[in-house]
Novice: 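Pasting a structure below so you can have a look.
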Amino acid sequence: MVIKTEEPKDLEKINIPLAYVKGEPYLNIPKDLYLPPDALEVVLESFEGPLDLLLYLIKSQNLDILELPIAKITEQYIQYIDLMHELKLELAAEYMLMAATLAEIKSKLLLPVIDENGDEEDDPRAELIRRLQEYERYKKASHNIEAIPRVDRDFYLIEKIQYETVKKEEIYQQIDLEKLVIVFHKLMEQTKFLTPHDVKKEFLSVREKMTKILNVLDNDDYIDFKILLDAKEGKSGLIVSFLAILELIKLALIDCVQANNNSTIFVKLK
Amino acid sequence: MEKNEIKKIIEALLFSSSSPISLKEIRNFFEEENISIKIIEESINEIQDKYINSGVMLKKVSTGFRFQVSEDCNEWVSKFYPEKPQKYSRALMETLALIIYKQPITRTEIESVRGVSVSSNIIKTLLEREWIKILGYKDVPGKPAIFGTTKEFLNSHNLVSLSQLPKLDDIIELTEQEKRQLGLLETTEIDEKSTNAETDKIEEYNQENIH
Amino acid sequence: MEKNEIKKIIEALLFSSSSPISLKEIRNFFEEENISIKIIEESINEIQDKYINSGVMLKKVSTGFRFQVSEDCNEWVSKFYPEKPQKYSRALMETLALIIYKQPITRTEIESVRGVSVSSNIIKTLLEREWIKILGYKDVPGKPAIFGTTKEFLNSHNLVSLSQLPKLDDIIELTEQEKRQLGLLETTEIDEKSTNAETDKIEEYNQENIH
């Protein structure tokens, strides 16, 4: 099987030059930490957080995580942070927190251990070492997962192929009878608010209604919008009234105002 | 490159493509490999033969070759993918409800209750399904059709007579809230505890209506 | 129904499906035809054999069987489709690794191992890709979502179950002395005779730190 695995970006595994500065290839980050800033910007950006940076510092010098020479590491870490600042790289707060943690551990190690029971006090590095180890495990695991064949990268699926739909014997889905009853009752309830059915929509032309509204608004006062609607005319009548009002607004014959949402709408002749 | 390998690759390309692949595309693809058009054509023919008695077949269409389900399997594949259950529109449900409960009824009468016109499609659908039929024509100007339900409607809903249709009170022991939702109550008290299946049904119905 | 016909139909179903089909689905489909599970399993095996030297192969993944491009043809198919596959960032892969190996897991738990915050985009991408899903919400303030992997994750990595994934590295075991040094052991005895490499290393280390 052809497995095209994306090369992990781990710095320690990169053999190709990290960068070229004035035509000169940089294979390793110089130990003295003199880093030509522009060239190494990319390198610095590729850290996945303070733990990743710490791991890099440890690995790049073939140190054992378990030994964690705090003084040395702290010094280098701070140098990196300063460099990142200098390069104006966006620095997550987590990096600063780690710097503080390192400094704290360092200071604790410098203090003489006074313990009346003669027990050795917990090494302040223990927690950090545990975190580094834990992070390293999942970092490795993520590389393993990256290497697993993945669909559309390492292997391909077939496209579903066409078929001709053969018309099935038509079985219509049944109506939900209970829902039907509810629908009917709801309809009946609605009609309660309507006038008898002999109110014909045909008689309520929008034009006619517009004239009527203009007659009602025959003076300069604001009138409650609701006065223009007559429940007796039923739903269709209300719709015609509403359309007529909209039409009048459009023709700029009336003004419609409302102080705020839900408050009364007032209508007035222009 | 061996012909067998070429065949395998063409097969893989055809199965992984969402559209037909033309002879020209295949030829271009193999250009670097220096493979003659003859070999490619032969390969395609052999692939075609290979699938003669299979569930799929290689078919030449206007833009190239593609695999499709073989003719005798179409019926089975269609059966495997069930059609989406139809959803009935609110308009259809209301129209049908009025025809059931108010039959004989004309379209104008349905419209006057619903407050909107009834689309011809709805009447057509119901007639085609043979759930409703034209009982006759009203003796008024325009001679509108009078509709009623059919035996077929009863059969397809496992009913013997319309009297078996559920009564509103039977379906739901209506809670105060539900009654209010249905507009059957004018009180405004809210029964917070009603969260049973019936409420859900009504809510489902209401939601359908909202959009 | 003849076995040959059954084979053809299963073949057609598998080729026309956009997702894997399980044995159970096939069995249910043939229920009316009274076809034994044994016949179905045999048919699937025979289909699998039929495609052994083809451009496609029948593969079993977590949710059933599917056809996919055979291993030696993948390279050619990728050549035929010039679009590059989506690349995922290290941050995304680390987040995914944590969800895989520590599921059920919350975002906060992921962040505490990685030492940095997890961007919402990463979670969104993983959810949209359907590699992870929300299993529920933790009963703590804020009700954070609990994540886990999906069958789709397995399917898109040709896996049947999570147990096929590489094991997590063990944490490197500390020597007794190192543990003591780190305060991970409660014993207070000091092995005075220990003048081996470890001690030297530690002393060296201490010197380094004390200056």
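Note that this is a predicted model, so its numbers are computed, not measured. So you know, we letter chains A, B, ... as the sequences are listed, proteins then strands, and number each from 1.
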Novice: What part of A:L180 is in contact with chain B, defined as an atom under 4.5 angstrom from a non-hydrogen atom: side chain, backbone, both or neither?
Specialist: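 Contact with chain B: backbone and side chain both.
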
Novice: Would you mind checking if A:E159 and B:R66 are paired as a salt bridge, meaning a charged N to carboxylate O distance below 4.0 Å?
Specialist: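 Not counted as a salt bridge, because no side-chain N and carboxylate O are separated by less than 4.0 Å.
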
Novice: Look at atom NZ of B:K102 and say whether more than 12 heavy atoms of other residues, nucleotides or ligands are closer to it than 6.0 Å.
Specialist: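 Open: at most 12 neighbouring heavy atoms sit under 6.0 Å from NZ of B:K102.
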
Novice: Taking only Lys NZ, Arg NE, NH1 and NH2, and the carboxylate oxygens of Asp or Glu, determine whether A:R137 and A:E134 approach each other closer than 4.0 Å.
Specialist: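 The answer is yes: the pair qualifies as a salt bridge.
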
Novice: Hey, is B:K7 close enough to B:E46 for a salt bridge, meaning N to O under 4.0 Å?
Specialist: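 Yes, charged N to carboxylate O under 4.0 Å.
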
Novice: Does B:R107 come within less than 4.0 Å of B:E111, counting only side-chain N to carboxylate O?
Specialist: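 B:E111 and B:R107: salt-bridged.
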
Novice: Heavy-atom distances under 4.5 Å only: say whether B:K59 touches chain A with side chain, backbone, both or neither.
Specialist: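 Interface part for B:K59: neither.
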
Novice: Would you call the rings of B:W131 and B:H157 parallel, tilted or perpendicular if under 30° counts as parallel and over 60° as perpendicular?
Specialist: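 Aromatic pair B:W131/B:H157 classed perpendicular.
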
Novice: So if I take each residue of residues 8-19 of chain B and look for any heavy atom under 4.5 Å from a heavy atom in chain A, which residues do I end up with?
Specialist: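 Within residues 8-19 of chain B, near chain A: B:F15, B:S16, B:S17, B:S18.
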
Novice: Can you tell me how far the CG atom of A:L238 sits from the CG atom of A:L228, to the nearest 0.5 Å?
Specialist: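 Going from CG on A:L238 over to CG on A:L228, the span is 11.5 Å.
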
